[in-house]
Q: 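Here's a structure for you.
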Amino acid sequence: MKIYNTLTKRKEEFVPLEEGKVKMYVCGPTVYNFIHIGNARPMIVFDTVRRYFEYKGYDVNYVSNFTDVDDKIIKQAIEEGVSADEISKRYIAECKKDMEGMNVKPATKHPLATEEICGMLEMIQDLIEKGYAYEKNGTVYFRTRKFKEYGKLSHKNLDDLQSGGRSLLVTGEDEKEDPLDFVLWKPKKEGEPAWESPWSDGRPGWHIECSVMSKKYLGEQIDIHAGGEDLVFPHHENEIAQSEAANGKEFAKYWMHNAFLNIDNRKMSKSLGNFFTVREISDTYDLQVLRFFMLSAHYRSPLNFSAALMESSKTGLERIRTAASYLKRLEENATQEKMTQQDKETFEKTETYVTGFEEAMEDDFNTADAIASVFELVKFVNTTVEEESSKELLHQLFDRLATLMDILGLFVEKEAELLSTDIEQLIEERQTARKEKNFARADAIRDELLAKGIILEDTREGVTWKKA
RNA sequence: GGCGCCAUAGCCAAGUGGUAAGGCAAAGGUCUGCAACACCUCCAUCACCAGUUCAAAUCUGGUUGGCGCCUCCA
């Protein structure tokens with residue numbers, strides 16, 4: 001399996017630290033509002049990475065945090081006149097609902113920054129003792145130049161950073177020894193949440209949180225650290241500096257970064273205000289469609305979001321699901337139980353689509369290519385399977401399709417839903433009308449159901465329905 | 001100013017040296033009471049210029065256009 005590593009700027013063969021196990025950490029959102037669909041990209045992408053590892057038999061320890069102490073949370077709390085804690089708790093709960101809708105598996109552990117302060121104090125103290133950090137008026141800074149490899153992830157050199165067009169010196173930070181130094185601990189301002197520390201009552205800097213939570217739940221060394229590409233610098237660069245300075249060993253072996261989700265070719269972000277929340281999208285679309293859309297491009301390519309593209313994704317996903325329900329229907333009506341010799345040969349032919357799918361995923365999780373294999377399998381099913389096919393074959397084909405889709409976190413079957421009895425009666429009445437060639441009545445009933453969001457389709461095997 | 005990415009059909013998108021996957025849309029057709037589904041047919045020489053090579057969308061140089069990071073940010 002090959003993974004593109006931001007650290008080395010090339011695809012590398014994945015070799016786990018420990019045989020059969022994967023330890024991965026994915027930087028999670030800051031919870032001060034509903035998550036937007038840009039936040040959803042890494043969730044979906046890295047959940048898919050996880051699912052593929054699990055499909056390959058790896059035991060994946062997947063940790064993803066919630067940043068629940070931050071300027072923006074405090075700002076939101078002040079605006080609403082409630083506590084910061086209330087804001088973060090609320091949006092963590094909402095985020096989890098969205099994740100469920102997108103079929104993103106819960107992490108093995110979702111640590112909260114506010115519950116890990118103790119570990120942060122320890123690591124900061126450790127860094128001070130090792131000479132990598134210093135305290136000034138209650139603020140603790142990381143001594144960036146002391147960490148010789150600083151810049152190795154983002155491939156920047158310190159002098160470029162300093163002589164750049166922008167000043168890294170921000171107001172009130174002229175007490176730093178060096179403009180490149182960043183904050184590990186900062187004293188509280190009036191009304192802000194704070195914790196006691198040897199340096200001041202205050203709160204941790206953003207970067208130290210991930211270093212500490214990763215170490216606590218995954219150990220000093222992990223296989224994969226992932227997040228959005230904007231986190232490469234400074235967040236991940238700083239994490240490396242902190243963790244490697246404190247632990248004295250390589251922090252993460254593989255660094256994965258997803259590209260952005262754009263709107264009109266512009267980065268979507270809360271600060272630019274050009275974003276859609278996942279919740280908004282879920283009003284119009286099944287979030288499975290959003291997931292399918294996200295996986296239709298490679299995770300390292302920028303992806304534009306639009307209603308037209310969502311429609312296209314919806315239709316495409318529907319095509320796959322139609323094939324699946326076709327198999328199910330035939331299976332229910334099949335008379336032949338066991339596979340015939342010909343069935344066996346048919347089934348063997350689908351091996352190539354599984355291989356194609358796996359090869360795509362092995363190549364740095366090329367989900368776009370993997371989906372192409374799924375479509376090829378769908379085409380094969382639609383052109384090969386027939387009423388005479390055996391139950392066993394139909395079942396196996398369904399299973400094969402569902403398995404591939406499950407790796408992508410996509411369902412192939414609609415949830416088991418029951419129609420209310422009056423709707424079922426309408427469908428029966430329509431069938432009677434059709435037999436009597438009373439098509440006007442039949443069409444009227446179909447329209448009536450359509451208005452209720454139910455689409456009827458007449459097939460050789462009878463009437464099927466789906467939600468609009 | 002520094003660092004970096006991208007440019008494939010109407011749209012989306014794979015493909016990193018051997019002659020363009022897949023999906024959506026459109027068009028024509030088969031099936032069907034109609035519709036839908038499904039199936040068949042049709043749909044590109046890869047931004048531009050120059051070069052390397054027997055061979056380039058794929059490598060090199062340049063041009064144009066778009067974007068990202070360097071500041072909270074997925």
Side-chain angles (χ1 to χ4, degrees), chain A residues 6 9 26-30 32 35-46 67 70-72 75 151 154-157 159-168 170 206 226-235 237 257-262 265-272 275 292-293 296-304 306 308-323 325-326 356 360 363 366-376 378-379 381-383 385 433-435 437-440 442-443 446-447 450 455-460 463-466:
Chain A
T6 307
K9 297 165 91 170
V26 180
C27 287
T30 300
Y32 64 98
I35 58 164
H36 60 62
I37 56 179
N39 293 306
R41 170 113 101 144
M43 289 177 183
I44 289 171
V45 162
F46 298 118
T67 296
D70 173 88
D71 287 343
K72 289 188 173 180
K75 182 166 171 268
S154 52
H155 306 100
K156 295 174 187 299
N157 73 66
D159 299 323
D160 285 346
L161 281 173
Q162 225 163 356
S163 61
R166 294 163 184 256
S167 170
L168 288 166
V170 183
W206 176 40
E229 64 179 353
D230 58 330
L231 297 184
V232 173
F233 190 90
H235 186 54
E237 195 70 73
H257 295 97
N258 64 278
F260 278 108
L261 187 69
N262 296 328
N265 275 320
R266 302 301 300 227
K267 170 178 172 176
M268 164 183 328
S269 73
K270 287 178 185 171
S271 38
L272 290 177
F275 67 93
F292 184 72
F293 162 73
S296 70
H298 186 90
Y299 76 92
R300 283 188 288 112
S301 301
L303 179 60
N304 248 316
S306 74
L309 262 19
M310 283 296 282
E311 284 300 326
S312 169
S313 294
K314 183 181 174 183
T315 316
L317 180 59
E318 202 58 54
R319 175 173 163 78
I320 298 168
R321 289 179 167 174
T322 302
S325 61
Y326 178 50
D363 184 18
N366 192 335
T367 53
D369 225 6
I371 288 173
S373 288
V374 173
F375 275 115
E376 282 168 7
V378 164
K379 170 80 101 186
V381 163
N382 286 338
T383 51
V385 149
R434 288 182 67 212
K435 279 194 189 114
K437 302 224 185 285
N438 182 357
F439 296 121
D443 289 349
R446 189 165 60 192
D447 289 344
L450 181 61
I455 297 172
L456 293 188
E457 290 177 2
D458 301 321
T459 70
R460 285 189 202 83
V463 188
T464 66
W465 63 275
K466 64 183 179 187

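Since this is a predicted model, take the numbers as computed values, not measurements. Throughout, protein chains are lettered first and strands after them, A, B, ... in sequence-line order, and every chain is numbered starting at 1.
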Q: Starting the side chain at C-beta, find the nucleotide from B/C34, B/C37, B/A74 nearest to A/Asp458.
A: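 Nearest to the side chain of A/Asp458 among the choices is B/C34.
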Q: Watson-Crick or G-U wobble partner for B/U32, using a 3.5 Å limit on both distances?
A: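 By the stated definition (distances under 3.5 Å), nothing pairs with B/U32.
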Q: Measure from CG on A/Leu456 to P on B/A35 and round the result to the nearest Å.
A: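 After rounding, the reported distance stands at 16 Å.
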Q: For B/U45, give its Watson-Crick or G-U wobble partner with both distances under 3.5 Å, or none.
A: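 None - no nucleotide pairs with B/U45, as no candidate has both distances under 3.5 Å.
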Q: Write down the distance between CD (A/Glu376) and P (B/C39), rounded to a whole number of angstrom.
A: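 Interatomic distance, CD of A/Glu376 to P of B/C39: 13 Å.
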Q: Rounding to the closest angstrom, what is the interatomic distance between B/G33 and B/G28 at atom C1'?
A: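 Each nucleotide's C1' atom is 23 Å from the other's.
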Q: Applying a 4.0 Å non-hydrogen cut-off, can you work out what A/Gly38 is touching in the nucleic acid: base, sugar-phosphate, or nothing?
A: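 Base: the residue A/Gly38, judged by heavy atoms under 4.0 Å, touches a nucleobase.
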Q: Taking atom CG of A/Asp363 and atom CG of A/Asp369, what is their separation to the nearest 0.5 Å?
A: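 Interatomic distance, A/Asp363 CG to A/Asp369 CG, rounded to 0.5 Å: 8.0 Å.
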Q: Can you tell me how far the NE2 atom of A/His155 sits from the CD atom of A/Glu237, to the nearest 0.5 Å?
A: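 So the NE2 of A/His155 and the CD of A/Glu237 are separated by 8.5 Å.
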Q: With a 3.5 Å limit on both atom pairs, tell me what B/U60 is paired to, counting Watson-Crick and G-U wobble, or say none.
A: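 Partner of B/U60: B/A50.
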Q: Looking only at heavy atoms, what is the nearest atom pair of A/Ala368 and A/Ser296, with distance?
A: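 Looking at all heavy atoms of both residues, the shortest contact is CB-O, 3.3 Å.
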Q: Rounded to whole angstrom, note down the C1' distance from B/C49 over to B/C12.
A: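 Nearest-Å result for B/C49 against B/C12 at atom C1': 29 Å.
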Q: Once you round to the nearest 0.5 Å, how far does CG of A/Leu450 lie from CG of A/Asp443?
A: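 It is 11.5 Å, given to the nearest 0.5 Å.
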Q: Round to a whole Å and report the spacing from CZ of A/Arg446 to P of B/C34.
A: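 For the pair A/Arg446 CZ and B/C34 P, the rounded distance is 11 Å.
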Q: For B/C3, which nucleotide in any strand shown is its Watson-Crick or wobble partner with both distances under 3.5 Å?
A: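 B/C3 is paired, partner B/G68.
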Q: If you find the nucleotide of RNA chain B closest to A/Lys9 and the one closest to A/Phe292, which residue's nucleotide is nearer the 5' end?
A: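 Taking each residue's closest nucleotide, the earlier one in sequence belongs to A/Lys9.
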Q: For the P atoms, the ones on B/A20 and on B/A9, what distance do you get once it is rounded to whole angstrom?
A: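 After rounding to an integer number of Å, I get 15 Å for this pair.
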Q: In whole angstrom, give the distance that lies between atom CE of A/Met268 and atom P of B/C72.
A: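 These atoms are roughly 21 Å apart.
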Q: Any base atoms under 4.0 Å from A/His298, or only sugar-phosphate, or nothing? Heavy atoms, all strands.
A: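 If one applies the 4.0 Å heavy-atom cut-off, A/His298 turns out to touch the sugar-phosphate alone, with no base involved.
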Q: Going by side chain to side chain contact (heavy atoms under 4.5 Å, CB included), A/Thr30 matches just one of A/Asp71, A/Ile35, A/Asp70. Which one?
A: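 Passing option: A/Asp70.
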Q: Pick the C1' atom in B/U63 and in B/G23, then give their distance to the nearest Å.
A: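 Per the computed distance, 34 Å lies between those C1' atoms.
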Q: When you compare B/A44 with B/G15, how far apart are their C1' atoms, in angstrom units rounded to a whole number?
A: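 Comparing C1' positions in B/A44 and B/G15 gives a spacing of 14 Å.
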Q: Base, sugar-phosphate alone, or nothing: which one does A/Lys379 contact when heavy atoms must sit under 4.0 Å apart?
A: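 Sugar-phosphate, no base atom in range.
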Q: Given atom CG of A/Leu309 and atom P of B/G23, what is their separation to the nearest angstrom?
A: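 Spelled out: CG on A/Leu309 to P on B/G23 is 16 Å.
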Q: Base, sugar-phosphate alone, or nothing: which one does A/Ile371 contact when heavy atoms must sit under 4.0 Å apart?
A: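 Result for A/Ile371 = nothing.
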Q: Taking only nitrogen or oxygen atoms into account, show me every contact under 3.5 Å that the protein makes with nucleotides 24-31 of chain B, one pair per line with its distance.
A:
| residue | atom | partner | partner atom | Å |
| --- | --- | --- | --- | --- |
| B/C24 | O4' | A/Ser312 | OG | 3.4 |

Q: Kindly say if A/Lys156 contacts the phosphate of B/G1, meaning a side-chain N or O under 4.0 Å from OP1 or OP2.
A: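 No, outside the criterion.
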Q: Indicate, with a heavy-atom threshold strictly under 4.0 Å, whether A/Phe260 touches base, sugar-phosphate, or nothing.
A: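 Answer is base: heavy atoms of A/Phe260 come under 4.0 Å of a base.
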Q: Using whole Å, what does the distance between atom C1' of nucleotide B/C3 and atom CZ of A/Phe233 come to?
A: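 Going from CZ in A/Phe233 over to C1' in B/C3 covers 11 Å.
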Q: Any chance you could measure A/Arg434, atom CZ, to A/Arg446, atom CZ, to the nearest 0.5 Å?
A: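 The CZ atom of A/Arg446 is 8.0 Å from CZ of A/Arg434, to the nearest 0.5 Å.
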Q: With a non-hydrogen cut-off below 4.0 angstrom, is A/Met43 in contact with a base, only sugar-phosphate, or nothing?
A: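 It contacts nothing in the nucleic acid.
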Q: Which nucleotide wins on minimum distance to the side chain of A/Thr383, given the candidates B/C40, B/A35, B/A74?
A: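 Side chain of A/Thr383 sits closest to B/C40.
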Q: Students often mix this up, so state it plainly: with edges at 30° and 60°, are the rings of A/His36 and A/Phe275 parallel, tilted or perpendicular?
A: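 A/His36 and A/Phe275: tilted rings.
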Q: Side chain of A/Pro42 only, heavy atoms from C-beta on: which candidate in B/C34, B/G33, B/A74 is closest?
A: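 The answer is B/A74, which lies nearest to the side chain.
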Q: Expressed in angstrom and rounded to an integer, what is the separation of A/Lys267 atom NZ from B/C72 atom C1'?
A: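 Going from A/Lys267 (NZ) to B/C72 (C1'), I get 9 Å.
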Q: Determine the interatomic distance between P on B/A50 and the same-named atom on B/U58; round to the nearest Å.
A: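 Those two atoms are separated by 14 Å.
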Q: If I pick the C1' atom on B/C67 and the same atom on B/A35, what distance separates them, to the nearest angstrom?
A: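 44 Å, rounded to whole Å.
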Q: Are A/Lys466 and A/Glu318 close enough for a salt bridge, meaning some N to O gap below 4.0 Å?
A: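 Salt bridge: yes.
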Q: Has the side chain of A/Asp369 got a donor or acceptor atom sitting under 3.5 Å from an opposite partner on the base of B/G15?
A: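 Side chain to base: no pair present.
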Q: Can you tell me how far apart NE2 (A/His257) and SG (A/Cys27) are? Round to the nearest 0.5 Å.
A: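 So the gap between those two atoms works out to 7.5 Å.
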Q: Give me the distance, rounded to whole Å, that separates B/A21 from B/U64 when you measure between the P atoms they each carry.
A: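 Each nucleotide's P atom is 33 Å from the other's.
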Q: On RNA chain B, does the nearest nucleotide to A/Lys72 precede the nearest nucleotide to A/Asn382 from the 5' side, or the other way round? Give the residue.
A: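 So the residue in question is A/Asn382.
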Q: Could you tell me the separation between the CD atom of A/Glu237 and the C1' atom of B/C69, rounded to a whole number of Å?
A: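 It works out to 12 Å between those atoms.
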Q: Indicate whether OP1 or OP2 belonging to B/G15 is found under 4.0 Å from a side-chain N or O atom of A/Asn366.
A: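 A/Asn366 to B/G15 OP1/OP2: side-chain N or O found under 4.0 Å.
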Q: Once rounded to the nearest 0.5 Å, what's the spacing between atom NE2 of A/His298 and atom CG of A/Asn258?
A: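 CG of A/Asn258 is found 10.0 Å from NE2 of A/His298.
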